[in-house]
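Quick caveat: nothing in here was measured; it's all calculated off a predicted structure. Quick note on labels: first sequence line is chain A, next is B, and so on, each numbered from 1.
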Amino acid sequence: MPVFTRTTKNLILKIDEFFDNIDLGIVVFREALKAFVEKDMDAFLRHLSKIEVLESNADKLQRSIENEMITHSILPQHKAEVTALIDEMDEIIDSLKSTLNEFYIEMPEIPLSLGKSFINLSDTSTSAAEELVPAARAYFKAPYTVREKLLKVYYFESETDKISLGIKKTIFREMDDLDLAHKSHLRYIIHHVENISDISQKAADLLSGMAIKILM
Amino acid sequence: MVLFFLISGLFLGWSLGANNASNVFGSAVASRLVKFRTAAIIASIFVILGAVVQGSGASQTLGKLGAVNAVGGSFTVALAAAVTVYVLTKFALPASATQAIVGAIIGWNFFTGSSTDSRALEQIVITWITGPVLGAVFAVLLYILLKRIKISSHIHLIRFESYIKTGLIVVGAFGAYSLGANNIANVMGVFVPAFSLHDLHIWGITLSSGQQLFMLGGLAIATGIITYSRKVMETVGENIVELSSEAALVVVLAQALVLFIFSSTSLSRFFVSIGLPPIPMVPVSSSQVIVGCILGIGLYNGVHNINFRILGEIGIGWVATPVSSGLLSFFSLFFMKNIFGVDVGTKNVPGMDETLAQMQSITNGAQVSGIVKYLLIGLIISGTITFIIYIALDRKKKLSLGRSEEKFWKNLK
C-alpha cells in the first residue's frame, strides 16, 4: 500500500530538493552578476560553474519527479498541473544559466554609471523568482496561503519592468557617447535579465489557478 | 433442475456486481488512484464475506414482506426483478434491484393471495428515503472533518494523497463488505424460504442454509465485478471523479456506512440495548445513497444549481420500478403456473406453523451443499494461486522498471 512504501517520502524529498536548487540558483545568479559588474571575473566564473551544476541537478530532479509521478500514479488529478509547474520553475533556472552564459560569451560592456542600476535590475527580477519558490512550496503544504504569497511575485515583476524601462531610457536618450551597436547590445542583455521575472510571473499565473482548483 | 431455478438470482447477482461495484471503487479506479485489478480482487473478496457473514438481516425483512415458499416462485420473482431492471435501464430510466425485488415479492403475494406485511413494507419504503438523506448527512459531516484535519495538520499534498489512496482501498473494502451484506438480500433473499439445505461444515466453519445461498449469490456478484465492472467503473466513476479525491473518499465511506447500518443486526441490537428503537434491516440502493452523498457535499460547497431532474428520477424510480416489477412478477407467475405447470408457491397463512413451512420448502441439501463445498475449496485454492501470481508479476514489473530507469540515467551520463 502507498503509505507503507518509500515512494511518497522520496518524491517529497525530490520536490523539496528541486526547489532548493532553484533558490540557490537565484542567489548564485545575483552574486555572479554583481561580480561581473565589479569586473571580478574569477568570482563570476566560479558562480557560473556553480549554476551549471545546479541547473543540471534541477533537470535530473525534474525528470525523476515526472517519472515517479507517472509510474506510481501519484496525484493523478493534479499531475498535469504539478508537472507544468515544475517545468515552469525549471525554465527559471534554465534562464538564469543561459543569461550568465550570454554575459560570459558576449562580455557586454556595462558603463560604470549603470552598474548600480544593473545590479538593482537583477535583484528585483530575481526577487520575483525568489518569492515564487515559497509560494510553490506552500501549494503542497498550505494551498490557502499561495495567493497571498504570489502578490509579491506580481509586485517585483512590475518593478522590474519599471527599472528596465528606466535603464533603457538612460541608455538611448542620455548616453550619446555610446554607439548604437553598444546600446542595442545592452538592451538585449537587459531583456535577458528582465525575462527572469516574466517567466516567474507566468509560473505564478499557473500556480494561482492551481491553488484555486485544489481549494475547491 | 432445482439448480436451474437459481439462475435468475445468480443473474441478478452478476448484474449487481457489474453495475454497483462502481459505487464502491469507481472513483478510485477512474482516477487511476487504484488499479482495476486490485479493486476487483478486494471488492470480490469483501462482497462474499459481507454476504456470508452479515447478509441475513436484510433478507429476513424481505422474507417478512413475503416468504416465497416454492423454488419456481423464487425463480419467477427474481427473474421479474432482473428483467425490470434490465428493461428500465435499457430505456435510460433509473432502476434499482432493491426496489424491483420488493415489487416482485408483492406481485407474488397478490398472486398467491398472501397478505403483505404492511409494517415491513412501511419500513422498507421509509428506508429508501432515509438512506440517501442519511448518506448526505454522513458525507457532509465526514467531509468537514477531513477538511479540518487537512488544513490543521499542514500535511504535504503528496503524503495526503497517499493516505487518501490507502483510505480508498480500505474504505472500498468496507464498502464492498457492506454492499454484499445489504444487497445480497436482493439476489438471494427470495430463495431463502424456498431452500432448506443441510449445514455445511468445512475447516471448522459452519455455513447455514441461508449462508450457503448467500455464498453462491456473493460469487455471482464477484463474477459480475471481475467480468464486467471495469467498463462501468471507468465510465460511471468519472462522474464521481469530478469531486476532489477527499470528497470521493468521503462519498464511498458515507455510502458504506449507510449500507452497513441497514444490514448490521449487532448494531440494531446495541441500539435496542441502550433504549433506542431498532434499526430496520432493509436492502437499500447503493446508487441512490451515492447520489445523496454527492448532493450533500455539493450543497455544503455552496452549489446552488442542483440538478432536480436527478432527484425527480430517483422519486419516479421509487414508484415506477416496484410497480412495473410487481406487475411483471404477477403475470409471469400466472404463466409459469398455468402454462408451464410450475409450482410457484401457496398462500402464506399468518402464524403458520414453522414445520409446515419447512415441509413446503425444497430440501435439496446434499446436492447444493456439495456444490457450495467444492466451490469454496476451489475458490480458496485458486485465490491463493492468483495472489501468488499477482505478487510475482508485480515484483517482476517493478524490477524491470527499476532496471530501465537505471539504464536511462546511465545512458544520459
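- Chain A forms the most heavy-atom pairs under 4.5 Å with one residue out of B:His154, B:His156, B:Lys35, and that residue is B:His156.
- By the 6.0 Å contact criterion, OH on A:Tyr155 is open, its count of non-hydrogen atoms from other residues, nucleotides or ligands being 12 or less.
- Atoms CD1 and CZ, from A:Ile74 and B:Arg159 in turn, are 11.0 Å apart once rounded to the nearest 0.5 Å.
- Proximity to chain B among residues 128-142 of chain A is limited to A:Tyr139, A:Phe140, A:Lys141, A:Ala142, judged by heavy-atom separations below 4.5 angstrom.
- More than 12 heavy atoms of other shown residues, nucleotides or ligands fall within 6.0 angstrom of atom NZ in A:Lys168.
- Pairs of residues two or more places apart, or lying in two chains, that qualify as side-chain hydrogen bond (donor to acceptor under 3.5 Å, both in side chains) and include a residue from residues 90-101 of chain A are A:Glu55-A:Lys97.
- Residues of residues 23-54 of chain A having a heavy atom under 4.5 Å from any heavy atom of chain B: none.
- By a heavy-atom distance cut of under 4.5 Å, B:Lys147, B:Ile151 are the residues of residues 138-151 of chain B near chain A, going up by number.
- Within 6.0 Å of atom OH in A:Tyr104, 12 or fewer heavy atoms from other residues, nucleotides or ligands are found, so the atom counts as exposed in its surroundings.
- For the atom pair A:Ile15 CD1 and B:Leu157 CG, the distance stands at 8.5 Å (nearest 0.5 Å).
- More than 12 non-hydrogen atoms from other residues, nucleotides or ligands lie less than 6.0 angstrom from NZ of A:Lys14.
- Closest approach of B:Glu161 and A:Leu75 over heavy atoms only: CG-CD2, 2.9 Å.
- With rounding to the nearest 0.5 Å, the separation of CD1 in A:Ile12 from OG in B:Ser162 is 7.0 Å.
- By the neighbour-count criterion of 12 heavy atoms within 6.0 Å, atom OH of B:Tyr228 is sparsely surrounded, having that number or fewer from other residues, nucleotides or ligands.
- Residue-environment remark: CZ (A:Arg147) stays at or below the threshold of 12 foreign heavy atoms within 6.0 Å.
- Using a 4.5 Å cut-off between heavy atoms, B:Ile155 touches chain A through its backbone atoms (N, CA, C, O) alone.
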